[in-house]
Amino acid sequence: MSRTVIRESVKRLEEKGLLVVAQGRGTQVARVGSWNMLDPTVLSALVDNDESLGVLDELTIVRGSLEGAMAGAVASRRTPEELSRVEHALQTMREIQHETDSFRQADVVFHFTVMELSRNRLAENIAKRLYRRALESTRYHGVEYESAFESTLDDHALVVDAISRRDAAAAERAMRDHIVNSWQLRRFGRPAEQPESDA
């Protein structure tokens with residue numbers, strides 16, 4: 001391998017925050033907190049090589065916080081037309097709830113609709129990157145659990161209801177809880193002895 005190729009490779013890794021090149025000290029691997037985790041290559045490598053699912057746990061918490069805040073923003077200043085768009089996205093999911101692939105696509109449309117209506121471009125951009133990358137991972141889809149369609153629809157209905165009532169705090173909580181709790185169910189599966197809904 002030529003020196004030029006090595007130099008270019010090191011430069012690319014440095015741009016991604018993975019390496020630190022210091023005069024007199026050589027090249028060192030950067031601490032994980034310095035990595036550019038929104039870089040598609042870095043994020044993919046983290047997700048694909050994490051047997052513990054810890055990265056997906058962290059991704060879910062960040063995504064839940066961002067999307068929760070965006071849902072709250074929509075609730076606080078939504079127009080009748082914007083409410084209609086969210087309601088329509090939920091209705092589409094209801095109509096195709098037993099067609100797995102179509103339902104998943106409609107689920108993505110629901111989340112993207114809320115993101116777009118939040119008018120927070122930075123949060124939308126970050127959340128979409130995280131969500132798209134998660135969706136590419138078979139690990140993120142996790143295990144099937146009973147009543148998954150109904151559970152997702154119920155959670156989304158809580159978000160839409162809060163947006164309809166202009167209750168920003170409830171919309172934020174409903175979206176965050178939905179994202180975090182549904183991941184926990186897919187991650188571990190619903191225990192047979194656990195009732196379908198405790199709350």
Side-chain angles (χ1 to χ4, degrees), residues 56-121 123-190 194-199:
L56 284 172
D57 290 337
E58 292 171 13
L59 183 153
T60 301
I61 290 167
V62 173
R63 190 185 145 221
S65 297
L66 283 172
E67 286 196 51
M70 287 187 278
V74 175
S76 67
R77 58 170 179 260
R78 59 91 181 155
T79 65
E81 294 76 18
E82 289 171 337
L83 174 59
S84 260
R85 280 187 61 192
V86 179
E87 288 173 336
H88 176 71
L90 177 59
Q91 185 55 36
T92 301
M93 290 181 70
R94 283 196 173 111
E95 290 167 2
I96 55 174
Q97 65 179 286
H98 298 296
E99 302 166 29
T100 305
D101 290 341
S102 298
F103 185 83
R104 280 184 178 158
Q105 289 170 6
D107 188 12
V108 172
V109 169
F110 178 88
H111 284 274
F112 280 15
T113 299
V114 173
M115 290 180 202
E116 288 160 16
L117 294 177
S118 75
R119 301 177 209 154
N120 185 330
R121 292 171 299 175
E124 178 186 349
N125 185 280
I126 294 170
K128 281 183 175 177
R129 281 176 187 238
L130 293 175
Y131 192 20
R132 283 186 181 120
R133 181 55 195 93
L135 290 171
E136 291 170 5
S137 168
T138 54
R139 291 177 179 179
Y140 185 74
H141 294 292
V143 297
E144 293 291 328
Y145 62 93
E146 195 178 345
S147 304
F149 291 124
E150 293 84 353
S151 171
T152 299
L153 287 170
D154 289 347
D155 288 355
H156 285 198
L158 290 174
V159 173
V160 173
D161 178 62
I163 290 173
S164 173
R165 293 184 288 108
R166 299 182 192 276
D167 188 336
E172 180 169 350
R173 186 171 55 252
M175 182 65 90
R176 184 183 62 246
D177 289 353
H178 160 60
I179 290 168
V180 173
N181 293 339
S182 62
W183 161 241
Q184 290 301 310
L185 288 170
R186 292 193 314 278
R187 191 188 199 283
F188 299 110
R190 191 192 298 276
Q194 180 181 327
E196 227 169 82
S197 177
D198 294 327

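When a residue number appears, it is its place in the shown sequence, counting from 1.
- Listed by first and then second residue, the salt bridge (Lys or Arg N to Asp or Glu O under 4.0 Å) pairs involving residues 64-79 are R63-E67 (not counting sequence neighbours).
- With sequence neighbours excluded, the residues satisfying salt bridge (charged side-chain N to carboxylate O under 4.0 Å, His left out) with R133 are D48, E136.
- Under the ring-ring contact (aromatic ring centres under 6.0 Å, His included) test applied with H156, the options F110, F149, F103 reduce to a single match, F110.
- Under the salt bridge (Lys or Arg N to Asp or Glu O under 4.0 Å) criterion, the residue pairs touching residues 100-117 are R85-E116, R104-E144, E116-K128, with sequence neighbours excluded.
- For E99, the salt bridge (charged side-chain N to carboxylate O under 4.0 Å, His left out) criterion is met by no residue, not counting sequence neighbours.
- In this view, D57 and R187 satisfy the salt bridge (charged side-chain N to carboxylate O under 4.0 Å, His left out) rule, not counting sequence neighbours.
- Here ring-ring contact (aromatic ring centres under 6.0 Å, His included) pairs that include residues 66-87, with residues two or more places apart or in two chains, number zero.
- The side chain to side chain donor-acceptor pair (under 3.5 Å) search around Q91 returns E95, not counting sequence neighbours.
- For the side chain to side chain donor-acceptor pair (under 3.5 Å) test, no residue two or more places apart in sequence or in another chain qualifies with R132.
- Taking CZ of R139 as the start and CG of L56 as the end, the distance is 7.5 Å to the nearest 0.5 Å.
- Legend: ring-ring contact (aromatic ring centres under 6.0 Å, His included) pairs involving residues 64-96, not counting sequence neighbours: none detected.
- When the side chain to side chain contact (heavy atoms under 4.5 Å, CB included) test is applied to D177, the partners found at least two apart in sequence or on another chain are R173, N181.
- Among residues two or more places apart in sequence or in another chain, the side chain to side chain contact (heavy atoms under 4.5 Å, CB included) test is passed with T60 by Y140, I179, V180, W183.
- Annotation: salt bridge (charged side-chain N to carboxylate O under 4.0 Å, His left out) contacts of D154 (sequence neighbours excluded): none.
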